[in-house]
Amino acid sequence: MPELPEVETTVRGLARYLDGARLARVTLHRGDLRRPFPEGLVQNLTGAEVTGLGRRAKYGLIHTNRGQTMVFHLGMSGRWRIEPNEIGKHDHLVIETGSGHQFSLCDPRRFGSVDLIDTATLDLWPTFAALGPEPLGADFSPAHLKTALTGRSAAIKLMLLDQRIVAGLGNIYVCEALFRAGIDPRKAAGQVTRPALGRLVPAIKEVLAEAIEAGGSSLRDYAQPDGQLGYFSKRFDVYDRAGQPCTRCAAPIQRIVQGGRSTWSCAKCQK
DNA sequence: CACGATACCTGTAAGC
DNA sequence: TGCTTACAGGTATCGT
(Lines give C-alpha, C1' and ligand atoms only; values in the text may rest on other atoms or scores of the structure.)
Protein backbone atom coordinates (compact mmCIF):
# COMPACT_ATOMS: atom_id res chain seq x y z
CA MET A 1 0.00 0.00 0.00
CA PRO A 2 2.23 2.82 1.09
CA GLU A 3 4.73 4.03 -1.45
CA LEU A 4 4.91 7.68 -2.42
CA PRO A 5 1.60 7.81 -4.33
CA GLU A 6 -0.27 6.11 -1.52
CA VAL A 7 1.20 8.46 1.08
CA GLU A 8 0.37 11.45 -1.11
CA THR A 9 -3.20 10.21 -1.50
CA THR A 10 -3.45 9.57 2.23
CA VAL A 11 -2.23 13.06 3.04
CA ARG A 12 -4.70 14.64 0.62
CA GLY A 13 -7.51 12.58 2.12
CA LEU A 14 -6.56 13.58 5.66
CA ALA A 15 -6.19 17.22 4.71
CA ARG A 16 -9.85 17.49 3.76
CA TYR A 17 -10.75 16.89 7.40
CA LEU A 18 -7.65 17.90 9.32
CA ASP A 19 -6.42 21.10 7.71
CA GLY A 20 -7.37 23.88 10.12
CA ALA A 21 -8.90 21.45 12.59
CA ARG A 22 -8.28 21.36 16.32
CA LEU A 23 -7.04 18.06 17.69
CA ALA A 24 -9.50 17.69 20.52
CA ARG A 25 -8.52 14.23 21.67
CA VAL A 26 -5.50 12.06 21.03
CA THR A 27 -5.35 8.52 22.36
CA LEU A 28 -2.59 5.93 22.26
CA HIS A 29 -3.64 2.30 22.34
CA ARG A 30 -0.14 0.95 22.67
CA GLY A 31 3.25 2.46 23.26
CA ASP A 32 5.14 1.69 20.11
CA LEU A 33 5.23 0.86 16.43
CA ARG A 34 8.71 0.20 15.02
CA ARG A 35 9.96 2.54 17.73
CA PRO A 36 8.27 3.94 20.82
CA PHE A 37 5.94 6.83 20.20
CA PRO A 38 7.71 10.08 21.11
CA GLU A 39 7.69 11.25 24.70
CA GLY A 40 4.83 13.64 25.28
CA LEU A 41 3.14 12.97 21.94
CA VAL A 42 -0.39 13.01 23.31
CA GLN A 43 0.22 16.07 25.44
CA ASN A 44 1.86 18.00 22.63
CA LEU A 45 -0.84 17.23 20.08
CA THR A 46 -3.94 17.54 22.26
CA GLY A 47 -5.52 20.93 21.77
CA ALA A 48 -3.18 21.89 18.93
CA GLU A 49 -4.49 23.26 15.66
CA VAL A 50 -3.42 21.77 12.34
CA THR A 51 -1.86 24.46 10.19
CA GLY A 52 -1.19 22.29 7.15
CA LEU A 53 -0.28 18.85 5.86
CA GLY A 54 2.47 17.68 3.57
CA ARG A 55 4.65 14.82 2.44
CA ARG A 56 8.37 14.10 2.19
CA ALA A 57 9.28 10.83 0.43
CA LYS A 58 7.04 8.22 2.08
CA TYR A 59 6.53 10.31 5.22
CA GLY A 60 3.30 12.17 5.90
CA LEU A 61 3.47 15.52 7.71
CA ILE A 62 0.88 17.11 9.97
CA HIS A 63 1.98 20.61 10.99
CA THR A 64 0.58 22.20 14.15
CA ASN A 65 0.41 25.73 15.53
CA ARG A 66 2.80 24.71 18.30
CA GLY A 67 5.77 24.74 15.98
CA GLN A 68 5.87 20.98 15.75
CA THR A 69 5.15 18.52 12.98
CA MET A 70 3.83 15.03 13.47
CA VAL A 71 5.75 12.87 11.00
CA PHE A 72 4.20 9.49 10.22
CA HIS A 73 5.47 6.58 8.16
CA LEU A 74 3.09 3.78 7.19
CA GLY A 75 5.68 1.02 6.89
CA MET A 76 4.37 -1.98 4.98
CA SER A 77 0.85 -2.23 6.30
CA GLY A 78 -0.09 1.13 7.77
CA ARG A 79 -3.04 3.28 6.82
CA TRP A 80 -5.23 5.97 8.28
CA ARG A 81 -8.82 5.01 8.80
CA ILE A 82 -11.29 7.85 8.60
CA GLU A 83 -14.37 7.58 10.80
CA PRO A 84 -13.70 3.97 11.79
CA ASN A 85 -16.84 2.22 12.99
CA GLU A 86 -14.93 0.63 15.82
CA ILE A 87 -11.39 0.70 17.14
CA GLY A 88 -9.59 -2.58 16.53
CA LYS A 89 -6.43 -4.02 18.00
CA HIS A 90 -4.25 -2.50 15.27
CA ASP A 91 -5.60 1.04 15.66
CA HIS A 92 -2.62 2.28 17.65
CA LEU A 93 -3.25 6.03 17.63
CA VAL A 94 -6.67 7.71 17.50
CA ILE A 95 -7.34 11.40 16.87
CA GLU A 96 -10.63 13.22 17.24
CA THR A 97 -11.07 16.74 15.90
CA GLY A 98 -13.02 19.54 17.47
CA SER A 99 -15.78 19.02 14.93
CA GLY A 100 -16.12 15.37 15.89
CA HIS A 101 -14.27 13.59 13.10
CA GLN A 102 -12.27 10.55 14.13
CA PHE A 103 -9.11 9.06 12.61
CA SER A 104 -7.06 6.05 13.53
CA LEU A 105 -3.56 5.08 12.52
CA CYS A 106 -3.87 1.37 11.86
CA ASP A 107 -0.72 -0.71 11.27
CA PRO A 108 -0.92 -4.49 11.81
CA ARG A 109 2.75 -5.22 11.15
CA ARG A 110 3.93 -2.18 13.09
CA PHE A 111 6.75 -1.33 10.69
CA GLY A 112 5.52 2.26 10.66
CA SER A 113 6.62 5.14 12.87
CA VAL A 114 5.47 8.42 14.37
CA ASP A 115 7.76 11.29 15.34
CA LEU A 116 7.23 14.81 16.59
CA ILE A 117 9.78 17.20 15.10
CA ASP A 118 10.29 20.97 15.30
CA THR A 119 8.83 22.31 12.08
CA ALA A 120 11.47 25.00 11.64
CA THR A 121 14.27 22.45 11.46
CA LEU A 122 12.41 19.60 9.78
CA ASP A 123 14.84 19.47 6.85
CA LEU A 124 17.73 19.13 9.28
CA TRP A 125 16.17 16.14 11.05
CA PRO A 126 18.72 13.39 10.35
CA THR A 127 16.11 11.08 8.82
CA PHE A 128 15.15 13.74 6.30
CA ALA A 129 18.66 15.08 5.78
CA ALA A 130 19.73 11.65 4.54
CA LEU A 131 17.02 11.40 1.88
CA GLY A 132 17.66 11.88 -1.81
CA PRO A 133 15.57 14.20 -3.98
CA GLU A 134 11.83 13.92 -4.47
CA PRO A 135 11.25 11.93 -7.66
CA LEU A 136 8.57 14.37 -8.83
CA GLY A 137 10.79 17.39 -8.24
CA ALA A 138 13.03 19.21 -10.70
CA ASP A 139 16.11 18.02 -8.78
CA PHE A 140 15.45 14.48 -9.88
CA SER A 141 16.99 14.32 -13.33
CA PRO A 142 19.08 12.00 -15.51
CA ALA A 143 22.10 14.06 -14.47
CA HIS A 144 21.37 13.40 -10.80
CA LEU A 145 21.04 9.68 -11.40
CA LYS A 146 24.21 9.61 -13.47
CA THR A 147 26.14 11.20 -10.62
CA ALA A 148 24.56 9.04 -7.95
CA LEU A 149 24.96 5.75 -9.81
CA THR A 150 28.38 6.10 -11.44
CA GLY A 151 30.68 3.35 -10.25
CA ARG A 152 27.95 1.48 -8.41
CA SER A 153 27.91 -2.27 -9.01
CA ALA A 154 24.64 -3.07 -7.28
CA ALA A 155 21.60 -3.80 -9.42
CA ILE A 156 19.66 -0.77 -10.65
CA LYS A 157 16.51 -2.15 -9.04
CA LEU A 158 18.14 -2.11 -5.61
CA MET A 159 19.66 1.32 -6.10
CA LEU A 160 16.25 2.80 -6.93
CA LEU A 161 14.89 1.38 -3.68
CA ASP A 162 17.67 3.16 -1.78
CA GLN A 163 16.00 6.27 -0.37
CA ARG A 164 19.33 8.14 -0.40
CA ILE A 165 19.42 7.95 -4.20
CA VAL A 166 15.82 9.00 -4.77
CA ALA A 167 13.24 9.23 -2.00
CA GLY A 168 9.80 7.71 -2.27
CA LEU A 169 10.00 4.74 -4.61
CA GLY A 170 9.09 1.28 -3.39
CA ASN A 171 8.93 -2.18 -4.85
CA ILE A 172 5.86 -1.66 -7.03
CA TYR A 173 6.82 1.56 -8.75
CA VAL A 174 10.46 0.58 -9.24
CA CYS A 175 9.35 -2.55 -11.09
CA GLU A 176 6.83 -0.59 -13.14
CA ALA A 177 9.25 2.23 -13.98
CA LEU A 178 12.02 -0.14 -15.08
CA PHE A 179 9.54 -1.88 -17.37
CA ARG A 180 8.42 1.37 -18.90
CA ALA A 181 12.04 2.42 -19.43
CA GLY A 182 13.00 -0.97 -20.89
CA ILE A 183 15.80 -1.58 -18.38
CA ASP A 184 16.76 -4.99 -16.96
CA PRO A 185 16.39 -4.71 -13.17
CA ARG A 186 19.52 -6.84 -12.65
CA LYS A 187 21.75 -4.48 -14.57
CA ALA A 188 24.56 -2.92 -12.55
CA ALA A 189 23.46 0.63 -11.76
CA GLY A 190 26.71 2.13 -13.04
CA GLN A 191 26.30 0.32 -16.36
CA VAL A 192 22.89 1.78 -17.20
CA THR A 193 23.50 3.96 -20.23
CA ARG A 194 22.82 7.65 -20.38
CA PRO A 195 19.96 7.17 -22.90
CA ALA A 196 18.44 4.59 -20.59
CA LEU A 197 18.64 7.03 -17.67
CA GLY A 198 16.99 9.55 -19.96
CA ARG A 199 14.06 7.15 -20.31
CA LEU A 200 14.05 6.10 -16.67
CA VAL A 201 13.54 9.52 -15.10
CA PRO A 202 10.37 10.36 -17.05
CA ALA A 203 9.15 6.78 -16.61
CA ILE A 204 9.39 7.20 -12.83
CA LYS A 205 7.71 10.59 -12.86
CA GLU A 206 4.91 9.37 -15.10
CA VAL A 207 4.09 6.20 -13.24
CA LEU A 208 4.01 8.08 -9.92
CA ALA A 209 1.85 10.87 -11.34
CA GLU A 210 -0.59 8.37 -12.83
CA ALA A 211 -0.84 6.49 -9.56
CA ILE A 212 -1.47 9.67 -7.60
CA GLU A 213 -4.12 10.69 -10.06
CA ALA A 214 -5.80 7.29 -9.83
CA GLY A 215 -5.75 7.53 -6.03
CA GLY A 216 -6.93 11.07 -6.14
CA SER A 217 -10.07 10.09 -7.95
CA SER A 218 -10.94 7.59 -5.24
CA LEU A 219 -10.35 9.59 -2.08
CA ARG A 220 -13.72 8.63 -0.75
CA ASP A 221 -12.33 5.13 -0.27
CA TYR A 222 -10.67 6.54 2.82
CA ALA A 223 -14.09 7.00 4.36
CA GLN A 224 -14.63 3.26 4.21
CA PRO A 225 -13.12 1.69 7.30
CA ASP A 226 -12.13 -1.50 5.60
CA GLY A 227 -11.78 -0.14 2.08
CA GLN A 228 -8.67 -1.34 0.34
CA LEU A 229 -6.76 0.88 -2.01
CA GLY A 230 -5.76 -0.74 -5.23
CA TYR A 231 -7.26 1.53 -7.84
CA PHE A 232 -3.96 1.68 -9.65
CA SER A 233 -3.36 -2.05 -9.34
CA LYS A 234 -5.48 -2.71 -12.39
CA ARG A 235 -2.86 -0.91 -14.41
CA PHE A 236 0.24 -2.81 -13.40
CA ASP A 237 2.30 -3.97 -16.37
CA VAL A 238 4.58 -6.29 -14.39
CA TYR A 239 4.05 -6.11 -10.60
CA ASP A 240 2.66 -9.41 -9.25
CA ARG A 241 2.05 -10.66 -12.80
CA ALA A 242 4.43 -13.65 -12.95
CA GLY A 243 3.59 -15.92 -15.86
CA GLN A 244 1.06 -13.53 -17.32
CA PRO A 245 1.62 -12.03 -20.77
CA CYS A 246 3.66 -8.86 -21.15
CA THR A 247 1.35 -5.99 -22.04
CA ARG A 248 3.73 -4.99 -24.81
CA CYS A 249 5.05 -8.22 -26.34
CA ALA A 250 2.96 -11.00 -24.72
CA ALA A 251 6.03 -12.89 -23.44
CA PRO A 252 5.49 -14.24 -19.91
CA ILE A 253 6.43 -11.89 -17.07
CA GLN A 254 9.31 -13.22 -14.97
CA ARG A 255 9.68 -13.10 -11.20
CA ILE A 256 13.14 -13.08 -9.63
CA VAL A 257 14.36 -12.26 -6.12
CA GLN A 258 16.70 -9.33 -5.46
CA GLY A 259 17.73 -8.26 -2.00
CA GLY A 260 15.26 -10.76 -0.64
CA ARG A 261 12.34 -9.17 -2.43
CA SER A 262 10.43 -10.01 -5.59
CA THR A 263 11.17 -8.28 -8.86
CA TRP A 264 8.93 -8.69 -11.90
CA SER A 265 10.06 -7.89 -15.44
CA CYS A 266 9.78 -8.82 -19.10
CA ALA A 267 12.92 -10.51 -20.37
CA LYS A 268 12.23 -9.42 -23.95
CA CYS A 269 11.34 -5.79 -23.32
CA GLN A 270 13.93 -5.03 -20.62
CA LYS A 271 17.62 -5.20 -21.56
C1' DC B 1 32.41 2.43 2.21
C1' DA B 2 29.66 -0.75 -0.69
C1' DC B 3 27.00 -4.55 -0.60
C1' DG B 4 24.24 -8.64 0.72
C1' DA B 5 21.80 -10.89 4.34
C1' DT B 6 18.90 -10.67 8.14
C1' DA B 7 15.73 -8.91 11.60
C1' DC B 8 11.63 -6.61 12.89
C1' DC B 9 5.89 -8.05 13.14
C1' DT B 10 1.38 -9.85 11.80
C1' DG B 11 -1.84 -11.53 8.46
C1' DT B 12 -3.16 -14.21 4.53
C1' DA B 13 -3.04 -17.66 1.06
C1' DA B 14 -1.39 -21.88 -0.68
C1' DG B 15 0.13 -26.58 -0.10
C1' DC B 16 -0.06 -30.98 2.24
C1' DT C 1 -10.07 -29.06 9.18
C1' DG C 2 -5.51 -28.19 10.81
C1' DC C 3 -0.64 -27.51 10.33
C1' DT C 4 3.34 -25.56 7.82
C1' DT C 5 5.42 -22.60 4.66
C1' DA C 6 5.97 -18.65 1.73
C1' DC C 7 5.19 -14.13 1.03
C1' DA C 8 3.52 -9.13 1.64
C1' DG C 9 3.61 -2.00 -0.37
C1' DG C 10 9.81 -0.77 4.24
C1' DT C 11 13.84 0.26 6.72
C1' DA C 12 17.64 -0.37 10.18
C1' DT C 13 21.50 -2.91 11.25
C1' DC C 14 24.98 -6.34 11.07
C1' DG C 15 28.64 -8.93 8.90
C1' DT C 16 32.03 -9.32 5.11
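These numbers come from a predicted model, not from an experiment. Each chain gets a letter, A, B and so on, in the order its sequence line appears, and its residues count up from 1.
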> Rounded to whole angstroms, how far apart are CZ on A:Arg261 and C1' on C:dC7?
11 Å
> For DNA chain C, what dot-bracket results from Watson-Crick or G-U pairs at under 3.5 Å, with [ ] for crossers and | for inter-strand partners?
.|||||||.|||||||
> By nearest nucleotide on DNA chain C, pick out whichever of A:Ser262 and A:Arg35 is the more 5' one.
A:Ser262
> Between A:Phe72 and A:Trp80, is the ring centre distance below 6.0 Å?
yes
> For the CD atom on A:Glu49, are there more than 12 heavy atoms of other groups (residues, nucleotides or ligands in this structure) within a distance under 6.0 Å?
yes
> Tell me: CG of A:Asp107 to C1' of C:dA8, nearest whole Å?
13 Å
> Using OP1 and OP2 only, check whether a side-chain N or O of A:Ser153 sits under 4.0 Å from B:dC3.
yes
> What string of B, S and - do you get for nucleotides 5-15 of chain B, 5' to 3', when a contact is any protein heavy atom under 4.0 Å?
---BBBS----
> May I have the distance from A:Gln258 (atom CD) to C:dA8 (atom P), rounded to whole angstrom?
13 Å
> Hey, can you tell me if A:Phe103 and A:His101 have their rings parallel, tilted or perpendicular (30° and 60° cut-offs)?
tilted
> Which part of the nucleic acid, if any, lies within contact of A:Arg255, taking any heavy atom under 4.0 Å across all strands shown: a base, the sugar-phosphate backbone alone, or nothing?
sugar-phosphate
> Using a 3.5 Å distance criterion without hydrogens, assess whether the side chain of A:Lys58 forms a donor-acceptor pair with backbone atoms of A:Leu169.
yes
> Could you give the distance separating B:dT6 and C:dA6 at their P atoms, to the nearest angstrom?
14 Å
> Would you indicate whether A:Arg55, at its atom CZ, is surrounded by more than 12 heavy atoms from other residues, nucleotides or ligands within a distance under 6.0 Å?
yes
> Look only at the side chain of A:Thr97 and the backbone of A:Ala21, and say whether a donor-acceptor pair between them is shorter than 3.5 Å.
no
> Between A:Gln163 and C:dT11, is there a contact of a side-chain N or O with OP1 or OP2 at under 4.0 Å?
yes
> Rounded off to whole Å, could you give me the CD-to-C1' distance for the A:Glu6 and C:dG10 pair?
13 Å
> Is the backbone N or O of A:Gly198 less than 3.5 Å from a side-chain atom of A:Arg194, with the two atoms forming a donor-acceptor pair by type?
no
> Figure out the CZ/C1' separation between A:Arg152 and B:dG4, and round it to whole Å.
13 Å
> In this structure, how many angstroms lie between the P atom of C:dT11 and the CG atom of A:Leu4, rounded?
11 Å
> Whole angstrom is fine here: how far is it from CE in A:Met159 over to P in C:dG10?
15 Å
> Taking only residues two or more places apart in sequence or in another chain, which ones pass salt bridge (charged side-chain N to carboxylate O under 4.0 Å, His left out) with A:Asp32?
A:Arg30, A:Arg110
> May I have the distance from A:Asp32 (atom CG) to C:dA12 (atom P), rounded to whole angstrom?
16 Å
> If the P atom of C:dC3 is compared with that of B:dC9, how far apart are they to the nearest Å?
24 Å
> Does CZ in A:Arg66 sit with more than 12 non-hydrogen atoms of other residues, nucleotides or ligands closer than 6.0 Å?
yes
